[in-house]
Every structure is written in structure tokens, then in C-alpha cells.
Amino acid sequence: AQSVTQPDIHITVSEGASLELRCNYSYGATPYLFWYVQSPGQGLQLLLKYFSGDTLVQGIKGFEAEFKRSQSSFNLRKPSVHWSDAAEYFCAVAPYNTDKLIFGTGTRLQVFP
Amino acid sequence: DTGVSQNPRHKITKRGQNVTFRCDPISEHNRLYWYRQTLGQGPEFLTYFQNEAQLEKSRLLSDRFSAERPKGSFSTLEIQRTEQGDSAMYLCASSYGTENTEAFFGQGTRLTVV
């Protein structure tokens, strides 16, 4: 069965520091991959997605993610974190030719000034 | 365009009562999805519609749950005989197209069953 693992439940970084959030997926083929952010009281917002092509994907708010097929990973990165980035981050996969998203359990990011 | 709208935002109900939530997708989005999110978990897929046709239902969707999208526009999710385990955030999302495309999420309806 398809699954998504986000090993880090909670991450704390200082403002201006770099960030990497880990995501591993389990699927027989290359799925479609997504990162969403959820702020308190807000809906899920898409940061970036990977369907095919260049394995380094650029998203909104200065985020990027790299798809590594050999490691079944799709880690999210940001070179310099801002206090407004504090939120819950979800990695998700959509198996090929389906419409449902399978989400990980999320990583809560806390940013200290 | 005002995005995906969900009503109500919060609902408190007594165990055993029926509740209904509404989702208004982005105009002209032909696909509509329902997810459920419990505390500390990611959203879990419940069901999805393409236009008015319900194309897939999760095994999470027990017989007490029913979803409709009668005219291919707004959708309702009804829970009959609510149980405390139904307490969760119910999220709606919509997208346009025939393949995996970006799904836009609403802010959700938080259900508390007491």
C-alpha cells in the first residue's frame, strides 16, 4: 500500500537558519509528489509539486524540494527561514492515475527569533 | 474567485445527532474531494466527485456517512448518528482537469461530538 513518512514530528529552527523537512514515500512507481503548508485557522496551501522532469522543484515562498528516486524521498528545503514560516508542513503523494492525496502525519515547524 | 468555502466552520453536536456540512468549490472546478483530519494526523481521503458522479469512496466512509454533489457544483457531507470518534476537521478541496492537478483546500469544518 502507498504510504508517506515524515520522520520529524516537530522541528525548531532560528530565524535565518536553513531548513530541511524530510519525506519518504512507499509506492511501486513514481507518484506525483506534493508539499502543503497549513497555518492555524487556514486551509492547506500548496507549496510545490513534482510530476516529472527536473528533480529539483521550485515552489512559493522560497521553498524548493528535491525528488530522489533511489531514496524514495522528496525533502523540502529553504535556505533562510522567516518567522512567518512557522506552521505545519505535510508531504503528500498521489499515485499515478488517481485523484486522492495520501498525506504524511506532518511536521510542525517552530521558528525562534 | 473566493476559493473553496466550507460551512459551518465549527459544529458542536451531541452524540447520536445528524450533522451536515457544505462545501462550495471554486467555480468551474469539476473535481471535489472530502478529507478528514484528526489531531496530530495528516488529512485522510474520504471520497471524491467528478462533476456530480461520486467516483471513489474510502473504506473510512462508514454507512453513517453520505456525500452528494447533486448538480456538480456544491457538495454536502452528512454524518448520521454521530459518535465521539467522528470528532475531526472535515476538509473539502476542489480541482480542475482530468489528471492529477493542484487541489485547493477550504478552511475546513471542525466537528466536535459531545
Side-chain angles (χ1 to χ4, degrees), chain A residues 1-10 21-27 29-53 57 59-60 74 76 87-109, chain B residues 1-7 9-10 23-26 29-51 53-61 67 69 88-110:
Chain A
Q2 302 95 4
S3 66
V4 178
T5 302
Q6 293 182 248
D8 304 306
I9 296 173
H10 185 203
L21 302 182
R22 296 182 291 167
C23 172
N24 293 92
Y25 66 90
S26 172
Y27 182 59
T30 301
Y32 297 140
L33 296 159
F34 306 80
W35 275 99
Y36 281 85
V37 60
Q38 187 177 40
S39 300
Q42 302 297 314
L44 287 156
Q45 181 182 23
L46 180 69
L47 288 175
L48 46 79
K49 60 183 184 283
Y50 172 78
F51 285 178
S52 65
V57 180
I60 63 171
F74 189 56
L76 182 71
E88 187 99 26
Y89 290 81
F90 292 96
C91 180
V93 302
Y96 178 74
N97 211 28
T98 74
D99 278 277
K100 60 186 179 187
L101 290 168
I102 300 170
F103 286 87
T105 51
T107 297
R108 178 165 297 278
L109 175 65
Chain B
D1 197 330
T2 57
V4 178
S5 176
Q6 291 189 247
N7 288 287
R9 294 289 310 279
H10 303 273
C23 172
D24 288 89
I26 294 172
H29 276 193
N30 58 340
R31 297 190 154 186
L32 186 147
Y33 315 80
W34 285 100
Y35 290 82
R36 181 172 66 188
Q37 185 178 20
T38 53
L39 203 60
Q41 300 296 316
E44 296 173 293
F45 171 82
L46 293 178
T47 187
Y48 98 93
F49 293 82
Q50 180 161 312
N51 299 313
Q54 188 173 18
L55 296 187
E56 187 173 350
K57 291 171 58 174
S58 164
R59 284 172 286 182
L60 293 174
L61 218 60
R69 194 183 184 198
M89 177 76 84
Y90 290 85
L91 299 169
C92 177
S94 69
S95 67
Y96 177 78
T98 57
E99 297 181 355
N100 297 87
T101 55
E102 178 178 353
F104 292 83
F105 282 80
Q107 293 180 293
T109 295
R110 180 169 295 283

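Bear in mind the structure is a predicted one, so any value in this text is a computation, not a measurement. All values below were derived from every heavy atom in this structure, side-chain atoms included, with hydrogens, water molecules and symmetry-related copies excluded. Chain identifiers are assigned alphabetically (A, B, ...) following the order of the sequence lines, protein sequences preceding nucleic acid strands; residue numbering begins at 1 within each chain.
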* **Contacting moiety of B:E56, where chain A heavy atoms sit under 4.5 Å** => side chain
* When you look at B:Y35 and A:L101, which way does the side-chain contact (heavy atoms from CB on, under 4.5 Å) test go after all the steps? -> CA-CA 9 Å; B:Y35 290 82; A:L101 290 168; 3.4 Å; yes
Contacts under 3.5 angstrom, residues 38-45 of chain A side chains, donor-acceptor by atom type, not counting sequence neighbours:
residue: A:Q38; atom: OE1; partner: B:Q37; partner atom: NE2; Å: 3.2
residue: A:Q38; atom: NE2; partner: B:Q37; partner atom: OE1; Å: 3.2
residue: A:Q45; atom: OE1; partner: A:K61; partner atom: NZ; Å: 3.2

* Does atom CD1 of A:I60 have more than 12 heavy-atom neighbours, drawn from other residues, nucleotides or ligands, at distances under 6.0 Å? -> yes
* Distance-minimising heavy-atom pair for A:F90 and B:Q41 -> CE2-O, 3.9 Å
* Pick from B:G42, B:A103, B:A93, B:P43 with the largest number of heavy-atom pairs that fall under 4.5 Å of chain A -> B:P43
* Rounded to the nearest 0.5 Å, what's the gap from OH on A:Y32 to CD on B:E102? Could you check? => 15.0 Å
* By salt bridge (Lys or Arg N to Asp or Glu O under 4.0 Å), which residues pair with B:R110, not counting sequence neighbours? -> none
